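Since the structure comes first, as structure tokens, the remarks are kept for the end.
Each chain gets a letter, A, B and so on, in the order the sequences are listed, and its residues count up from 1. Here the structure is a predicted model, which is why all the values come from computation and not from measurement.
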Number of protein chains: 2
Amino acid sequence: MRPRLKDVAELAGVSIKTVSNVVNDYPHVSDETRARVEAAIAELSYRPNLSARSLRAGRSGVVALAVPDLDNPYFAELATNVIEAADRRGWTVLIDQTQGDRAKERVVISGIRDHLIDGLLFSPLALTAKDLAGRDEGTPMVLLGERIGTGRSPYDHVGIDNVAAARAATLHLAERGRRRIAAIGVQRTAVAVTGRLRLKGYQQALAEAGVPADPSLVAPVARWGRADGAEAMSRLLDSGAPDAVFCFNDVLALGALRTLLKRGYEVPGDVMVMGFDDIEDGRFATPTLSTVAPDKALIAQSAVDLLAERLSGGTDKAHEVCVPHRLAFRESTDLPGKGHSRTLN
Amino acid sequence: MRPRLKDVAELAGVSIKTVSNVVNDYPHVSDETRARVEAAIAELSYRPNLSARSLRAGRSGVVALAVPDLDNPYFAELATNVIEAADRRGWTVLIDQTQGDRAKERVVISGIRDHLIDGLLFSPLALTAKDLAGRDEGTPMVLLGERIGTGRSPYDHVGIDNVAAARAATLHLAERGRRRIAAIGVQRTAVAVTGRLRLKGYQQALAEAGVPADPSLVAPVARWGRADGAEAMSRLLDSGAPDAVFCFNDVLALGALRTLLKRGYEVPGDVMVMGFDDIEDGRFATPTLSTVAPDKALIAQSAVDLLAERLSGGTDKAHEVCVPHRLAFRESTDLPGKGHSRTLN
DNA sequence: TACCTGTTTTACAACGATGTAACGAACTGA
DNA sequence: TCAGTTCGTTACATCGTTGTAAAACAGGTA
């Protein structure tokens with residue numbers, strides 16, 4: 001069917017290995033032989049069989065990226081960055097969606113596909129430290145997002161300082177004079193680490209700003225989707241009358257924004273809205289969405305670099321990379337009369 | 001390093017093939033032997049090597065999905081659906097981003113990775129019929145989105161009736177009394193098939209509704225991103241004074257919406273906005289975005305099914321699947337006083 | 001006992017590519 | 001002329017799995 005080294009070799013009148021040497025650019029091949037082989041390769045339009053190569057080499061050139069859900073623009077943007085960074089190293093990316101489901105996340109780390117992939121970039125949501133500990137260390141794995149568990153993990157990790165970021169975001173709202181600052185995004189599940197860290201930053205900021213913490217202003221959600229944000233905002237408006245809301249990610253914030261506008265509130269006048277992630281949607285919402293902007297390109301690049309280092313057998317101790325973030329102040333937290341809502345990007 | 005069939009066989013005291021038989025659930029293995037082998041598998045936590053398997057079987061269980069850009073929510077949602085549909089068949093999906101770049105799209109069909117994947121689902125933007133014709137038919141490919149070229153193509157294809165959809169969308173605007181209906185999304189490049197089809201539908205609708213076509217109301221864009229939509233809308237407002245705008249996809253529409261609101265126009269009062277794709281963002285924009293809603297899940301499912309049929313050596317002639325779409329009327333094209341903006345989903 | 005039937009298990013050869021080691025040929029220098 | 005050194009090329013084994021065909025075994029019949 002498809003041409004193999006053998007077919008090329010026969011056509012060129014050389015041995016299989018010589019063709020292999022040409023394909024792999026080995027030095028000691030005479031110009032004349034090389035030309036003949038290349039002609040044969042072109043004529044048959046030969047392409048190496050990657051399965052055979054990876055069987056032989058023990059490497060496939062494929063890495064897996066496991067994320068909860070590509071529908072969430074944050075993960076879509078992250079995936080884009082990862083694919084680009086992997087591309088620069090000649091790797092191909094295979095994508096798994098876990099839906100943040102613990103069973104699926106376990107499958108991802110179970111190593112079922114370890115022989116197909118050289119490494120794993122994993123952004124877990126529901127996984128526990130125990131799940132992780134049970135993994136037999138086969139293919140290298142780099143964790144994205146939250147650290148799991150409190151102890152030392154044998155895995156490389158890339159994340160941001162969620163507490164500091166959430167604290168800064170909340171402080172920003174307090175500095176603009178808001179006193180009833182709500183939070184949307186805590187989850188009731190035991191494993192929602194990210195949410196807890198952002199809540200912690202939120203609480204720290206309130207204490208620091210001397211704003212009394214009102215538990216009724218903390219709105220739990222089941223998941224981090226637009227509908228959840230919209231629904232949580234609705235509950236907050238019915239009960240707590242906030243004058244600002246810090247949402248633990250941007251899609252929650254866009255959902256909350258939708259509810260506010262639909263119910264006739266002015267944003268930022270009546271209620272300021274702050275998000276987290278800096279997805280593109282937020283930059284084109286009306287009002288544009290203030291947010292915490294993690295350096296997604298750097299997260300992806302760092303993760304790929306860490307994986308590469310581990311693949312080349314480099315380090316033994318686990319690396320911790322904390323990627324910087326910045327705050328993007330846009331219209332949704334703009335003070336009236338300052339008149340620069342349109343100049344901020 | 002990792003256990004192989006051989007290791008399991010030695011531990012269980014049977015031959016390699018017997019272990020293989022157990023792993024593959026072959027019938028003629030005695031219960032006692034099976035139990036012993038399974039114990040050994042568990043003890044060593046053996047996992048089959050997929051590279052070897054796919055070398056042997058000529059199948060890898062991996063299919064590639066090539067899309068322009070995961071950042072575009074339409075493709076992210078499509079990818080989600082494809083991954084789910086593939087999952088149901090036990091396939092893994094590997095994702096390529098082409099950026100709509102012709103050179104990258106050529107690489108995708110060049111077959112460089114054909115040995116790694118069993119099939120290809122490809123949503124091309126810039127590819128020409130000539131590029132396609134030059135492909136040596138190795139792994140099966142299903143095209144998503146537009147048909148390429150006019151002649152008969154040897155490839156299966158899944159798409160929607162763009163002309164009809166665009167026509168219906170535009171007619172909807174005309175029926176609501178708008179006469180200066182703009183269009184955003186035509187592209188100057190020779191290969192932008194989708195844009196041309198939607199333009200055709202737009203023009204047909206104008207003719208049908210007896211609305212004179214004003215070329216100054218057709219705004220070209222370089223790409224189909226939010227920023228392009230925003231910028232095109234700005235140009236339209238400066239020159240043409242439209243009272244409605246049909247955008248060839250939702251992110252263009254969201255960009256246009258942003259410009260309208262920023263410049264103080266009322267939507268839908270002053271200008272109605274209609275999109276195409278039905279991405280989730282549009283359902284949470286304010287106003288919510290009317291749009292053409294293709295059945296993305298069915299697109300993904302059909303594509304995967306077609307691929308499966310081809311993989312099982314089924315058909316020889318190319319299939320054409322036209323997936324139905326519906327129109328989602330939301331607030332951005334709502335007539336004032338009708339009072340049902342909130343009941344429409 | 002010899003023979004057949006059917007089940008269970010095994011040895012062996014692929015799949016396609018590449019590292020190793022060895023080979024012949026063409027040179028060098030004594 | 002011959003050993004020693006390159007250089008270019010090759011045969012072979014191997015990566016881990018599975019299809020094929022045959023061997024081993026058990027049970028039943030003549």
Side-chain angles (χ1 to χ4, degrees), chain A residues 1-38 40-41 44-62 90 111-118 138-139, chain B residues 1-38 40-41 44-62 90 111-118 138-139:
Chain A
M1 192 86 178
R2 303 222 102 202
R4 304 155 294 166
L5 280 184
K6 194 179 172 201
D7 304 313
V8 178
E10 274 165 14
L11 181 60
V14 295
S15 79
I16 292 180
K17 189 69 217 295
T18 299
V19 181
S20 167
N21 287 340
V22 170
V23 170
N24 292 288
D25 266 333
Y26 273 111
H28 301 307
V29 179
S30 70
D31 291 352
E32 190 249 325
T33 312
R34 180 181 304 273
R36 207 144 34 97
V37 171
E38 276 168 353
I41 288 178
L44 299 176
S45 69
Y46 163 82
R47 306 269 173 238
N49 180 323
L50 296 193
S51 293
R53 248 195 199 163
S54 76
L55 171 60
R56 182 65 238 241
R59 286 277 173 89
S60 64
V62 175
I112 286 191
R113 269 213 316 262
D114 276 9
H115 278 294
L116 183 61
I117 60 176
D118 296 341
T139 46
Chain B
M1 193 83 180
R2 306 218 102 203
R4 302 156 296 166
L5 281 184
K6 193 181 173 200
D7 304 314
V8 178
E10 274 165 16
L11 180 61
V14 296
S15 78
I16 292 181
K17 190 67 217 295
T18 299
V19 181
S20 168
N21 287 339
V22 170
V23 170
N24 292 289
D25 266 332
Y26 273 110
H28 301 307
V29 179
S30 71
D31 291 352
E32 190 249 326
T33 312
R34 182 181 302 274
R36 209 146 33 96
V37 170
E38 275 169 353
I41 287 179
L44 299 176
S45 68
Y46 164 81
R47 306 269 174 239
N49 180 323
L50 296 195
S51 291
R53 238 187 209 172
S54 75
L55 171 60
R56 181 64 237 236
R59 287 278 175 89
S60 63
V62 176
I112 286 190
R113 270 212 315 261
D114 277 7
H115 278 293
L116 183 61
I117 60 176
D118 295 341
T139 47

- [ ] Nearest 0.5 Å please: distance from the CD atom of Glu38(B) over to the CG atom of Asp31(B).
- [x] 9.5 Å

Open item on the list: Measuring to OP1 and OP2 of dT9(D), would you say a side-chain N or O of Ser30(A) lies under 4.0 angstrom away?
Closed with: yes

Task: Student check: side-chain heavy atoms of Arg53(A) and Asn24(A) closer than 4.5 Å - done: yes

Open item on the list: With rounding to the nearest 0.5 angstrom, report the CD1 to CD distance, Ile16(B) to Glu10(B).
Closed with: 8.0 Å

Open item on the list: With a 4.0 Å limit, can you tell me whether Thr18(A) has a side-chain N or O closer than that to the phosphate oxygens OP1/OP2 of dT10(D)?
Closed with: yes

TODO: Quick one: pull up CG in Leu50(B) and CZ in Arg56(B) and give me the separation to the nearest 0.5 Å.
DONE: 15.5 Å

Open item on the list: For nucleotides 13-22 of chain D, give me one character per nucleotide, 5' to 3': B if any protein heavy atom sits under 4.0 Å from the base, S if the only such contacts are to the sugar-phosphate, - if neither.
Closed with: BBBBBBBB--

- [ ] From the options Ser60(A), Ser51(A), Ser54(A), select the one residue that forms a side-chain hydrogen bond (donor to acceptor under 3.5 Å, both in side chains) with Ser51(B).
- [x] Ser54(A)

